[in-house]
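Each remark here refers to the structure printed beneath this line.
Here, residue 1 is the first one in the sequence, and each next residue gets the next number. Computed over heavy atoms, backbone and side chain alike; hydrogens, waters and symmetry mates excluded.
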Amino acid sequence: MSAFVASGLTLAQSIYSNSYPWMAAPAAGGMLRDGPPEQGSSAPLTLGNVGIGALVLLFNAGLSAWLNLGLTRGLAIAAARCVVQLTVLSMVLNYIFLCQSAALVLGMTVAMSVLAAVEVTYWRARRRFPGMFQSTMWFVLASVVSVALFGNAYSLNTRPAYAAEKFIPIVGMLFGNCVIGVSIGLAAVMEALETHRGRVEAMMCFGASRWELIQPVAVGALKAALLPSITNMGITGLISIPGAMTGWVLGGADVLDAARYQQIIFFMLTASSTAPPCSLTTRPPCASTASPRHAAPGRTASRRHRRPPREARRAQACSLPFPRASASAAAADKRCFCCALFCCSARGGIDSADRMAGTAKITDLAGAIGQTPMVRLPGIHDGSSEGAAQRGGAEIVGKLEYMNPGASIKDRVAKHIVRQLDARGVDRAALLVVAGPGNLAVSLAMLQRRLVCLVPERTSADRVRLLKAAGAVDIVRTLDGALPGAPEHPASIGRRLAAQAHPPGSAVYVDEEEADDWDLAECYEELAAEIVAQTDGRLGALVLGVDTGCAATHLSRALRARVPGVQIVGVEPSAVGDAGSHGAPAGPLARRWLCEDIGRAYPPRALDPAAVDMWVQVSDKVAYSMARRLVRAGVAAGPASGAAAAAARTYAVSADALQQQQQQSTPAKAVVVILGDSARNYGETLLSDDWMLAHDLLDSRMLREIQLKQTDQYRAASVEDLQLPAAVAVAESDSVGAAIELMAESDFSQVPVTGPARRLVGYLPLSAAQTLVESGRAKPADPVARVMLRFAAVRATAPSAADHQKQKQQQQYWLITPETPLSELARFFETHTVAFVTDASRKFCLGIATKQDLMAFLARRGSRALY
């Protein structure tokens, strides 16, 4: 590098001696000859002058000795090398200038290109590839010579263009600049290739071109290589240009002419530093394609993907792992999850002989209503209340009314309403216009009744879908805060719809709040009898959410007749304030609440104010957080049940504190909570972490757990951090037998399939292929395209209804790339078993990821969230 710079600075005077005659040689006394105005004086320099100049290095030597840097010897050697190199180079160049031989100019140029290649390959590069020296030398030589010849001939007006006094100094500066650009570009490319080795190998197996392999890193490398030249022409150039003009100015040239020369030189430097990095950045992947570790495209890979355990392979054979699941499949998964929780709850809570007797024989749905279990609710206790229970205080137990066939307490009401309709002679095909949050309508639909449902705006979408699937004729949304008597009140709307039915009298309006229309005392008498029997006479309080007020009124009367002194605790949303179930009407402008099945903006007509001894208002956040705690504890109850459970905890704490204050020692009492709604009706709300986070309904502990599970445990890691091995692929035209043999030999459980232009189009599971061959539905000689599972195109919008049938064979594609965050991959594995990692264009399969890979990553990182 020093030789290149030296050639530019040492020979500047020679250039201008030929360009400006008055600079040919100094006159006697060291003054310039006659010509333009004198630029200054210049005396001949000797080695003595060089020695005097070297004295300034004594400061560096003294500083090194004082701080014990150990650089004194190296400084002396470098100074000596500088003197020797420049002296020898000046002699050689002086001879070349005198001879004016094109052959000598060419030889000097080739020698400088060899020095440039040596510096790039052996001094600057930390990683090398085969043929790096030869490639660097020829690419740099071709770029520099072409730019130098063009610049000399047309910009500097030099004839001939290879004139030694101008050509060699310019070529020296161009070589020096190219060395910097090529070194930066190759260093960036080699570092990226080493980091992403597995990814590059997989793309090679799919037949990727050199540019496709290197494009992502080549762009960044070229930017870094060209930046120094661009900077020299920019703001930084304002500082460096005067220094670069030193040779010309000291040689006596006019300052304006020296500036023009420097401008041309900078343009030539920038042009010559572009082509070599562009050409050399494609060489590393090209040099590695001949490595024996790379096999034929689409057949084998350099590493093996570990086969999942047998249980995981069974799960993979039963599902379509990669396409995005439909909404109906997600809802089915949620229902299965809730059913599992039901079974868990039942195992811990059914202790009634009547319940066992009810399941000992086959019955209809109406016969299965009632006799729900009662279980302890340890998940809702905090430290104080649990300790109080252990000292003989109140024990909180839950009456699992959501275990009825229709998943709510309204099954009991629906059964008695149907009996009364039959007693009145109403045709079973008559239309029922049902008002309420939706649970009563679901129960009536379960009992095979035709319905028009009037549901509030806050009713969940899951419950509306359930009503549609159950056969509801129509669903009408009503205003949440409408007051009785108003045209938009559900009763007004329902009675108008019933009167408009044809023929007249073929529709009946059903509303539990209309106490005069239905006699529900017997319904709640049965429930009260179950509660007293299951608590063995230890009933201390009953806690239930209040909506229509019918349950609170009838249960209060029935329980007080059996257990004098029992406390009835009513629960309502805190959003109603001083209005609502037991105060003045709040009106339609009252603040809305999210919790369904409880709360009214006005006192319901069916509620007896004397029926409730104590009111507890619960916020949406407390209700939903408690419901999630219940789900975690195995009790799949909904938000209204969560509100009741939270109120029960509040009552138990206050009752225990009062007992301690009065220093009473009484037997432990049971606080019974009516858990009347199911979590399965809230798949998109209560059971959705995203929805709960968006509405700020999680308490601090659950919020920390979910944030840790979703994002914190991955700490911004991506799929690339899983270090997946390269994937194996087969073509659509390959035979099924060959694909099975490949997977068996490689111990793979599935293999990606490529189509035209080696584009990823689907995959073939091993278990599915073996089953088809063994059953005779496919032959080993059949092409893979006949039995493979295909991926759909990436959709930007939701599929239409006409696409649902097609999605059975071809599901929505979910793009997974090496840059995909692991938090998103974890969401993908919530509904799928295996992910095929591709590039952004979905052209190359770079790896296969399973949930086991994600778990192994967390184990390596030492995550304490789940593993």
Side-chain angles (χ1 to χ4, degrees), residues 323-342 344 379 402 407-408 437-439 442 455-469 477 573 592-598 618-643 645-646 675 677-714 798-799 812 814 821-832 851 854 865-866:
R324 189 187 296 270
S326 62
S328 59
D333 289 345
K334 293 168 184 173
R335 288 195 295 270
C336 293
F337 168 70
C338 293
C339 290
L341 292 178
F342 297 160
C344 178
Y402 68 80
S408 76
N439 281 334
V442 170
V455 297
E457 293 176 332
R458 67 177 185 272
T459 299
S460 66
D462 297 272
R463 188 175 297 179
V464 172
R465 294 192 190 99
L466 181 58
L467 286 170
K468 290 181 179 179
R477 294 277 188 172
R592 296 180 59 183
W593 57 92
L594 298 174
C595 189
E596 303 177 36
D597 299 329
I598 61 171
V618 179
S619 66
D620 286 331
K621 185 171 187 176
V622 172
Y624 276 83
S625 296
M626 180 57 72
R628 287 293 292 263
R629 288 194 185 184
L630 291 174
V631 172
R632 181 72 62 86
V635 180
S641 301
L675 305 181
D677 62 337
S678 170
R680 71 176 183 178
N681 291 331
Y682 306 93
E684 293 186 355
T685 55
L686 173 65
L687 300 181
S688 171
D689 291 343
D690 295 333
W691 188 90
M692 295 283 286
L693 288 170
H695 291 79
D696 191 25
L697 295 177
L698 294 169
D699 57 27
S700 58
R701 185 180 69 179
M702 298 188 69
L703 180 61
R704 287 194 302 269
E705 292 178 359
I706 291 179
Q707 288 178 340
L708 176 62
K709 180 180 178 181
Q710 288 190 349
T711 57
D712 295 351
Q713 66 176 340
Y714 300 111
Q812 174 67 45
W814 191 331
L822 289 186
S823 57
E824 183 177 336
L825 182 65
R827 291 176 179 267
F828 175 83
F829 284 139
E830 290 178 0
T831 53
H832 305 87
K851 187 59 178 288
L854 193 60
L866 297 177

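- For the pair Thr685 and Glu596, the minimum side-chain heavy-atom distance is 4.5 Å or more.
- Atom OG in Ser460 sits 8.5 Å away from atom CZ in Arg465 (nearest 0.5 Å).
- The pair Asp620-Arg458 fails the salt-bridge criterion, with no side-chain N (NZ, NE, NH1 or NH2) lying under 4.0 Å from an Asp/Glu carboxylate O.
- Without hydrogens or angle criteria, Ser678 side chain to Asn681 main chain gives no donor-acceptor distance under 3.5 Å.
- Take Leu698 and apply the side chain to side chain contact (heavy atoms under 4.5 Å, CB included) test, not counting sequence neighbours, and it matches Met692, Leu693, Met702, Leu703, Ile706.
- In terms of heavy-atom proximity, Val455 sits nearest to Pro437 at CG1-O, 4.1 Å.
- Summarising the geometry of Val618 relative to Ala623, their closest heavy-atom pair is CG1-N, 3.8 Å, with the distance given to 0.1 Å.
- Side-chain atoms of Ser625 come within 3.5 Å of backbone N or O of Asp699 as a donor-acceptor pair.
- Side-chain atoms of Glu684 do not come within 3.5 Å of backbone N or O of Ala461 as any donor-acceptor pair.
- Heavy atoms only, all atoms of each residue included: Pro639 and Leu686 are closest at CD-CD2, 4.0 Å.
- Between Val631 and Ala636 the shortest heavy-atom distance is CG2-CA, 4.2 Å.
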* **Stepwise side-chain contact (heavy atoms from CB on, under 4.5 Å) check, Thr459 with Arg477** => CA-CA 9 Å; Thr459 299; Arg477 294 277 188 172; 3.5 Å; yes

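- Of all the heavy atoms in Leu467 and Gly438, the pair that sits closest is CD2-O, 4.2 Å.
- Between Asp677 and Arg463, none of the side-chain N atoms (NZ, or NE/NH1/NH2) sits under 4.0 Å from a carboxylate O, so this pair counts as no salt bridge.
- Annotation for Arg632: atom CZ does not count as buried by contact number, only 12 or fewer foreign heavy atoms lying within 6.0 Å.
- Listed here is the closest heavy atom pair of Tyr682 and Gly638: CE1-CA, 4.1 Å.
- Salt-bridge annotation for Glu705 and Arg628: absent, with no side-chain N of the basic residue lying under 4.0 Å from a carboxylate O of the acidic one.
- Of the inter-residue distances, the one linking Phe828 atom CZ with Leu854 atom CG reads 12.0 Å to the nearest 0.5 angstrom.
- The backbone N or O of Leu594 lies less than 3.5 Å from a partner atom in the side chain of Tyr624, making a donor-acceptor pair.
- Between Glu830 atom CD and Asp689 atom CG the span is 7.5 Å, to the nearest 0.5 Å.
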